[in-house]
Amino acid sequence: MMMRKYVLYLLFVCFVAFYIHQPLFGLIPNAVAGYIQDKKEEERIAEFLKDYQKVDVAHVTIHYMDFDAELLPTTKVALERGIELNNEILGQFNDSVDLIIFPNKADRINLFGIGHFINNNDNPYYNTVNIFPADREEIFPDMAPADLLYKNVIHDYTQYVINQRMDELRLSASYIPNWFIVGVGEYISNFGKEIPPLEAEAVPLSSLNSKIAGMGDDKNAKYNGYIQSHLTIKYLVDEFGPGIINEILIETEEEYSFNKAFATLTGIELSAVPNIY
């Protein structure tokens, strides 16, 4: 995929050079350097994954260790459902992607670095969805392990797809609040299930990122942040249809403002507590 990206980039460079009457030797080195760096990164990841088993589900290749083979049936079912729901809500996405089931946090950090671990699957540069089943145990401690894995796979696949959509629109992650991305992931990964009630009062949407980060006076701030995000996205889809998610992303790109786009399309101001809970 990275090779195709740079072939297209070289063609674009040639077009620009012709259009502005500039010599190619001033533009091509950057493209070549980027291609070489990407090839090195692909080789590094392939070397890391050489001891992992792999199996394909649609356009996704699952990588897992032998001792995690018991996780495979649930992962497959979750992926199939996640792909179906994402196609309906975010549109068709068929690019190849690797889903890696990491046995521990250290391996994930060693492969992608601490920044990618903290921000999870929000870097379109890596065509990977990274699963560490214990990630959300502290948020949803009462869920059975199989249910948690099912939810984890769909949520993180969704987070990957929505960030790819943002990349297609040239939208920086800084434009879209984390609660919106988390909410879409929660909505799709819990589709058809009853949403548990909030354990604390809802907050203005402009303050919801802090809840998700675990900041707040209530005991289970992060849990309540996830639930409120989920409830918000469910309301939007129920009220305006599944296309509203893409519409908000497109309008944000056009307006250079999520706040303005969200208010324009939904009539909800981020500075207030919506009367939807």
Side-chain angles (χ1 to χ4, degrees), residues 57-60 74-97 99 119-124 127-131 136 140 147-173 175-196 205 208-209 212 225-255 258-259 261-268 270 274 276-277:
V57 175
H59 59 278
V60 182
T74 298
T75 302
K76 286 181 175 179
V77 171
L79 256 181
E80 289 168 354
R81 184 59 170 153
I83 290 169
E84 177 187 359
L85 291 171
N86 270 275
N87 286 345
E88 179 182 338
I89 293 171
L90 292 170
Q92 289 288 325
F93 181 81
N94 299 311
D95 290 352
S96 298
V97 56
L99 184 145
N119 295 320
N120 208 10
N121 299 296
D122 70 348
N123 188 346
N127 296 314
T128 62
V129 178
N130 304 296
I131 303 299
R136 291 189 174 80
F140 305 101
D147 293 338
L148 188 64
L149 175 62
Y150 180 90
K151 172 185 173 62
N152 200 170
V153 169
I154 297 181
H155 181 108
D156 285 4
Y157 173 79
T158 299
Q159 187 161 317
Y160 174 82
V161 172
I162 197 170
N163 275 284
Q164 294 298 315
R165 286 281 178 254
M166 288 161 56
D167 188 54
E168 291 171 5
L169 292 167
R170 301 294 187 266
L171 270 176
S172 165
Y175 272 92
I176 307 296
N178 192 39
W179 70 259
F180 185 81
I181 297 173
V182 166
V184 174
E186 287 298 289
Y187 173 75
I188 292 180
S189 62
N190 290 284
F191 188 82
K193 297 179 181 178
E194 185 177 348
I195 309 175
L205 296 179
L208 200 44
N209 276 358
I212 289 171
Y226 271 65
I227 296 298
Q228 186 177 341
S229 298
H230 181 179
L231 288 167
T232 304
I233 297 300
K234 184 178 186 306
Y235 169 81
L236 295 180
V237 174
D238 289 348
E239 186 73 13
F240 302 101
I244 189 63
I245 306 302
N246 260 330
E247 290 173 21
I248 289 172
L249 295 177
I250 293 169
E251 186 75 10
T252 298
E253 187 273 334
E254 292 176 352
E255 296 288 349
F258 176 85
N259 293 9
F262 191 85
T264 298
L265 291 172
T266 69
I268 298 172
L270 298 181
I276 61 175
Y277 309 115

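Values below: every heavy atom of this structure, side chains too, minus hydrogens, waters and symmetry copies. Throughout, residue positions are numbered sequentially from 1 according to the sequence presented. Note that this is a predicted model, so its numbers are computed, not measured.
- In this structure, CD1 on Ile227 lies 11.5 Å from OH on Tyr277, to the nearest 0.5 angstrom.
- With Asn190 contributing its side chain and Glu186 its backbone, the two residues share a donor-acceptor pair below 3.5 Å.
- With rounding to the nearest 0.5 angstrom, the CG atom of Asn94 is 8.5 Å from the CD1 atom of Ile83.
- Listed here is the closest heavy atom pair of Ser189 and Ile154: CA-CG2, 3.5 Å.
- Put simply, CD on Glu251 and CD on Glu247 are 9.0 Å apart, with the number rounded to the nearest 0.5 Å.
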**Asked** side chain to side chain contact (heavy atoms under 4.5 Å, CB included) between Tyr226 and His155: does it pass, once the steps are laid out?
**Response** CA-CA 12 Å; Tyr226 271 65; His155 181 108; 4.3 Å; yes

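- To the nearest 0.5 Å, the span separating OH on Tyr157 from CG on Leu79 amounts to 7.5 Å.
- Side-chain contact between Asn130 and Tyr160 is absent, with no heavy atoms from C-beta onward closer than 4.5 Å.
- A 4.5 Å side-chain heavy-atom check between Ile245 and Leu90 finds at least one atom pair inside the cut-off.
- Using a 4.5 Å heavy-atom threshold, the side chains of Thr266 and Leu236 count as touching.
- Looking at heavy atoms from C-beta onward, Val60 lies out of side-chain contact with Val129 at the 4.5 angstrom threshold.
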**Prompt:** Checking side chain to side chain contact (heavy atoms under 4.5 Å, CB included) for the pair Ile162/Leu249: CA distance, chi angles, key distance, verdict?
**Reply:** CA-CA 9 Å; Ile162 197 170; Leu249 295 177; 4.1 Å; yes

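- Side-chain contact check for Ile250 versus Leu169: some heavy-atom pair is nearer than 4.5 Å.
- Not one N or O on the side chain of Asn178 forms a donor-acceptor pair closer than 3.5 Å with the backbone of Asn209.
- Taking each heavy atom of Asn246 and Gly91 in turn, the nearest pair found is ND2-N, 4.1 Å.
- Atom NZ in Lys151 sits 11.5 Å away from atom CD1 in Ile188 (nearest 0.5 Å).
- At least one side-chain heavy atom of Leu205 sits less than 4.5 Å from a side-chain heavy atom of Pro274.
- Using a 3.5 Å distance cut-off with no hydrogens or angles, the side chains of Tyr187 and Ser229 do not pair a donor with an acceptor.
- Panel note: side chain Asn163, backbone Gln159; a donor-acceptor pair is recorded below 3.5 Å.
- With Glu168 as reference, Arg165 is the one residue of Gln164, Arg165, Arg170 to meet the side-chain hydrogen bond (donor to acceptor under 3.5 Å, both in side chains) rule.
- We find the CD1-CD1 distance between Ile176 and Ile181 to be 6.5 Å, quoted to the nearest 0.5 Å.
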**Chi angles and distances behind the side chain to side chain contact (heavy atoms under 4.5 Å, CB included) call for Phe93, His59** = CA-CA 9 Å; Phe93 181 81; His59 59 278; 3.8 Å; yes

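- Here the closest non-hydrogen pair linking Ile244 and Leu265 is CD1-CB, 4.2 Å.
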**Request:** Would you check, one step at a time, whether the test side chain to side chain contact (heavy atoms under 4.5 Å, CB included) holds for Ile131 with Leu149?
**Result:** CA-CA 9 Å; Ile131 303 299; Leu149 175 62; 4.2 Å; yes

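- Trp179 has its side chain within reach of Leu270: a pair of non-hydrogen atoms, C-beta onward, lies under 4.5 Å apart.
- Although no hydrogens or angles enter the test, the distance criterion places no donor-acceptor pair under 3.5 Å between the side chain of Arg81 and the main chain of Phe191.
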